[in-house]
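Not measured: the values here are computed from a predicted model.
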Amino acid sequence: MSGKDRIDVFPSRMAQTIMKARLKGAQTGRSLLKKKADALSMRFRQILRKIIETKTLMGEVMREAAFSLAEAKFAAGDFSTTVIQNVNKAQVKVRAKKDNVAGVTLPVFEHYQEGGDSYELTGLARGGEQLSRLKRNYAKAVELLVELASLARSRTSLLSWMNESERNSTGERCYFSTTETLL
């Protein structure tokens with residue numbers, strides 16, 4: 001044991017009682033940190049599972065959306081200029097909320113629709129069914145993208161908190177060894 005690991009304590013009953021109380025407080029703190037780390041790691045695994053599921057679903061949805069775009073262009077012709085000229089504000093928006101897991105706030109994004117559909121009459125002459133399918137497929141793709149962004153951001157936040165919690169727990173272990181050798 002090196003000299004800087006020692007705690008200078010006067011050898012008396014009162015000093016021993018104080019050191020025992022400090023050790024008990026450190027043990028309680030370590031158990032709380034361990035519970036927090038367990039809760040964070042459990043949530044981290046849930047988020048990773050959801051990310052994998054969402055990414056696989058995203059591949060299927062994007063494939064369907066690309067195919068429905070090709071169908072709509074074939075049936076209705078080139079409608080991109082009509083859509084670009086009529087856009088004045090976004091219909092789908094993203095809202096940020098916070099979720100609390102063991103004292104750690106995680107950002108959660110959710111999408112919401114604001115306003116009516118300004119393109120409900122687009123494709124009325126020809127290709128209306130393909131255009132409505134195109135809108136549904138891309139709306140589902142945007143919904144999954146927002147969910148994936150939310151999960152990815154929560155994952156990075158959780159990872160940083162888990163690393164910090166592990167560092168604190170390691171510091172507590174060093175304190176235990178020093179205090180236990182003293183007693």
Checking Arg153 now: which residues fulfil side-chain hydrogen bond (donor to acceptor under 3.5 Å, both in side chains) with it, not counting sequence neighbours?
Thr156, Ser157
Partners meeting salt bridge (Lys or Arg N to Asp or Glu O under 4.0 Å) with Lys97 (sequence neighbours left out):
Glu110
Working note: Arg136 + Ser132, criterion side chain to side chain contact (heavy atoms under 4.5 Å, CB included); need CA distance, chi angles, decisive distance, verdict.
CA-CA 6 Å; Arg136 279 195 312 267; Ser132 64; 4.0 Å; yes
Can you hop from Leu106 to Leu151 via hydrophobic side chains spaced under 4.5 Å?
yes
Could you tell me whether the side chains of Thr105 and Asn100 share a donor-acceptor contact shorter than 3.5 Å?
no
Are Phe109 and Arg95 packed together at the side-chain level, in the sense that at least one heavy-atom pair is separated by less than 4.5 angstrom?
no
According to the salt bridge (charged side-chain N to carboxylate O under 4.0 Å, His left out) rule, which pairs have a member within residues 37-48, sequence neighbours left out?
Lys34-Asp38, Arg43-Asp99
Would you say the side chain of His111 lies within less than 4.5 Å of the side chain of Val142, judging by non-hydrogen atoms?
no
CG of Leu159 to CD1 of Ile47: how many Å apart, nearest 0.5 Å?
10.5 Å
Joint hydrophobic cluster, Val92 plus Leu148, side-chain heavy atoms closer than 4.5 Å
no
For Ala65 versus Ser68, what's the shortest heavy-atom pair and its separation?
O-OG, 2.8 Å
Salt bridge (Lys or Arg N to Asp or Glu O under 4.0 Å) involving Lys93 - partner list, sequence neighbours excluded
Glu114
Would you give the length of the straight line joining atom CG of Asn137 to atom CD of Gln130, rounded to the nearest 0.5 angstrom?
11.5 Å
Search all heavy atoms of Met62 against all heavy atoms of Ala141 and return the closest pair with its distance.
SD-CB, 3.6 Å
Checking Ser154 side chain against Pro107 main chain: does a donor-acceptor pair fall under 3.5 Å?
yes
Anything under 3.5 Å between a donor and an acceptor, one on a side chain of residues 53-61, the other on a protein residue two or more places apart or in another chain? List them.
residue: Thr54; atom: OG1; partner: Lys50; partner atom: O; Å: 2.7
residue: Thr56; atom: OG1; partner: Ile52; partner atom: O; Å: 3.3
residue: Thr56; atom: OG1; partner: Glu53; partner atom: O; Å: 2.8

Of all residues at least two apart in sequence or in a different chain, which pass the salt bridge (Lys or Arg N to Asp or Glu O under 4.0 Å) check with Arg13?
none
Checking Ser150 side chain against Val108 main chain: does a donor-acceptor pair fall under 3.5 Å?
no
Gap separating the CD1 atom of Ile51 from the CD atom of Gln46, nearest 0.5 angstrom
12.0 Å
Interatomic distance, Phe67 atom CZ to Arg133 atom CZ [nearest 0.5 angstrom]:
8.5 Å
Report yes if the side chains of Lys36 and Val104 come closer than 4.5 Å at any heavy-atom pair, otherwise no.
yes
Which atom pair, heavy atoms only, marks the closest approach of Tyr138 to Leu69?
OH-CD2, 3.9 Å
